[in-house]
Amino acid sequence: MTFGIKRTHLASEITPALDGSQVTLLGWLHEKRDLGGLRFLLIRDRSGLVQAVAAKKEVSPELWEELSSFKRESVLAVKGIAKASPQAPGGAEVRIREVLLISPSEDPPIDVVGKTSADLDTRLDNRIVDLRRVEPQAIFRIQSTVASAIRSYLRENGFIEVFTPKIIATATEGGASLFSVFYYDRIAYLSQSPQLYKEQLTSAFERVFEIAPAFRAEESDTQRHLSEITMVDAEAAFMDYQDVMSLLDGLVERVVKAVNEENRRELRALGREALEVKVPIPRITYDEAVSILDRKGVEHEKDADFGTVQLKALSEELRDFYFITDWPTAARPFYAKPLEGRPERCESFDLMYGWIELASGATRVNDGKLLKERMSSQGLNPDSFKTHLKWFNYGMPPHSGFGLGLARLLMVLTGKDNIREVVMFPRDKRRLEP
RNA sequence: GCCGCGGUGGUGUAGCCCGGUCGAGCAUGGGGGCCUGUCACGCCCCAGACCCGAGUUCAAAUCCCGGCCGCGGCGCCA
């Protein structure tokens, strides 16, 4: 430790059993209370909070003065004696013998303790301080569990984790708008999805997945869209979309189980009960969804994607998780495989939660010739996909996959309705900092 | 991008409709004082704000216009 002080215990390790032991805490000054002859310091570290206390009669006048000089959020080393004490929160506290100011803080711009709430926008402007609050702490600890659960689940199912380039050459993929970047003497683009790469990789590894950023230069200004998102993408040879939905059944189940097991404290901090998911997740077809809308008298455009009005109406009937399958081919990207004998529908699905789309996937077209036709019929020029189409000449297996928005899933798990709550440093049309 | 609403101390809000009583209220945070078991500690004192610009008016936090920003909804959305 270059600053010369070694931590002996975390806050959570100060228990009545330690009574009498000498301890050194390292952490942040969360809160202080001055009772005149007694001064309490609440010390926060990655494990939680612990109370440190000094009595005027027991410490040197110099230390006594110093104790009231520390500002909240300063980094302190506190040396003292652990004491079992019925009055202390958690039944134990640290009697202060020595305190060292390791790094001072100015008055924090927002309240970390939680007495006065700040608007999301203000919190994001001060995100690093905001992240010290219990709620963001809970959200991002859950996120870590989710990412870890997804990785182990997919690896156990034969997928390997891959990393594909985010700087790409062509802007002609259709769909969402891309951000352009200067690439030496050329223009390049930020990838909106690893779609093409992951499909190609099934011909080399069969099963691949990636957890990586995707960039969308869209006008979207909603509580569930951002310009930079983290996508969980998976793609598997010799699977069809039904297999992929079953894979997602297992994935969601695993994630929920992991969070329930590992994040009890965090769920409580968010005021959430243990999470539940029943698998298999119900699957309804697009046409069935349309019938529901008709029955409810909700207008919708024929063979088009659903808008918010339609999805909200559907979610009144279909709560929690559900799949909408067999979408109109025209409303889906060119690589979605049309249904055999019914080419106006394709082997595709969206994983929904309420009216929020969490993931979408499909069986992909693995015939190069058909793929070209599909590009043309969607108004795309097959020539711009030459490098992609090339690999369809060298043994491209039938394959399927999905793309899942990590933050969307996290919204569902944490019960947040603004995606910015569950992304540490969100990027949207206006926000580029911090 | 469109529609609606909003912008008041560090933070969160009251006041705005119905202009003057605002020398702008409250809470929290901050400074000072008192207090030996607090855990939203308590009590006393102090400091701290009307988004920017143009306009109406004797007078603007309050009304009008523009800009920027925010909130909600919709649209856009491999």
Side-chain angles (χ1 to χ4, degrees), chain A residues 30-42 49-59 64 68-69 71-73 83 85-91 93 95 106-126 129-130 133 168 172-178 191-199 214-227 229 231 233 235 305-312 327 331-336 346 348 350 357 359-362 364 374-375 378 380 385 388 401-403 405 417-418 420 428-431:
Chain A
H30 186 69
E31 202 177 351
K32 49 181 181 175
R33 279 180 215 108
D34 186 341
L35 267 64
L38 275 181
R39 283 175 180 164
F40 295 97
L41 304 187
L42 265 71
L49 291 171
V50 67
Q51 174 170 290
V53 61
K56 188 173 186 179
K57 293 190 291 202
E58 290 174 12
V59 300
W64 185 250
S68 51
S69 72
K71 297 230 178 219
R72 288 180 173 200
E73 295 308 311
K83 276 281 177 207
S85 160
Q87 301 119 300
E93 64 189 0
R95 310 290 302 203
E106 295 177 13
D107 292 322
I110 57 170
D111 174 21
V112 176
V113 174
K115 282 186 196 169
T116 43
S117 57
D119 291 338
L120 178 58
D121 196 53
T122 308
R123 289 170 41 212
L124 290 176
D125 284 341
N126 298 285
V129 177
D130 178 56
R133 300 171 49 246
I168 55 170
T172 53
E173 296 179 11
S177 315
L178 300 177
S191 168
Q192 61 180 253
S193 153
Q195 182 64 33
L196 272 27
Y197 285 109
K198 69 174 179 173
E199 284 195 53
F215 306 91
R216 312 231 161 138
E218 288 297 330
E219 291 301 310
S220 307
D221 188 4
T222 77
Q223 296 196 346
R224 71 213 106 90
H225 288 88
L226 290 175
S227 308
I229 58 181
M231 292 285 295
D233 271 280
E235 199 74 21
D305 200 358
F306 295 134
T308 312
V309 178
Q310 287 79 246
L311 291 174
K312 282 186 174 170
W327 288 78
R332 287 270 147 166
F334 62 84
Y335 48 75
C346 61
S348 57
D350 277 359
E357 179 194 330
S360 63
R364 323 299 189 183
R374 299 252 40 246
M375 287 171 178
Q378 300 234 343
L380 298 168
F385 293 90
H388 179 58
F402 69 84
D417 50 20
N418 192 324
R420 281 156 261 255
D428 61 32
K429 251 193 113 177
R430 288 186 206 88
R431 184 174 286 280

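Side chains included, hydrogens not; waters and symmetry mates left out as well; all remaining heavy atoms used. Note on naming: letters A, B, ... go to the chains in the order of the sequence lines (proteins, then strands), and numbering restarts at 1 for each one.
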Donor-acceptor pair present, [X] side chain and [N] base, under 3.5 Å:
X	N	value
A:K57	B:U36	yes
A:T308	B:C74	no
A:R95	B:G37	yes
A:D34	B:C35	yes

Counting heavy atoms from C-beta on, name the nucleotide in [options] closest to the side chain of [X].
X	options	answer
A:E219	B:G30, B:G73, B:G1	B:G1
A:S193	B:U38, B:G70, B:A78	B:A78
A:Q87	B:A78, B:G70, B:G37	B:G37
A:E31	B:C74, B:A40, B:U38	B:A40
A:P89	B:C76, B:G73, B:U38	B:U38
A:R430	B:G37, B:C41, B:C69	B:C69
A:D107	B:G30, B:C76, B:C39	B:G30
A:Y335	B:C74, B:U11, B:A78	B:A78

**Prompt:** Hey, is the side chain of A:K115 poking within less than 4.0 Å of OP1 or OP2 on B:C41, counting only N and O atoms?
**Reply:**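 Checking B:C41 against A:K115, a side-chain N or O does come within under 4.0 Å of OP1 or OP2.
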
**Request:** Answer yes or no: does a side-chain N or O of A:R33 lie under 4.0 Å from OP1 or OP2 of B:C39?
**Result:** no

Regarding [X], tell me which of base, sugar-phosphate or nothing describes its non-hydrogen contacts under 4.0 Å with the strands shown.
X	result
A:E93	base
A:S85	base
A:T122	sugar-phosphate
A:R39	nothing
A:D111	nothing

**Prompt:** Who does B:A27 pair with, Watson-Crick or G-U, both distances under 3.5 Å?
**Reply:**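 Because both required distances fall under 3.5 Å, B:A27 counts as paired with B:U11.
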
**Complementary nucleotide of B:C74, counting Watson-Crick and G-U pairs under 3.5 Å** = B:G1

Tell me the interatomic distance from [X], atom [atom1], to [N], atom [atom2], rounded to whole angstroms.
X	N	atom1	atom2	result
A:L49	B:A40	CG	P	12 Å
A:L41	B:C39	CG	P	16 Å
A:I110	B:G29	CD1	P	15 Å

**Contact nearer the 5' end of RNA chain B, comparing A:R216 with A:R420** =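 This one resolves to A:R420.
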
**Item:** A:F334 ring center near A:F385 ring center (under 6.0 Å)
**Value:**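 Aromatic pair counts; centres sit under 6.0 Å.
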
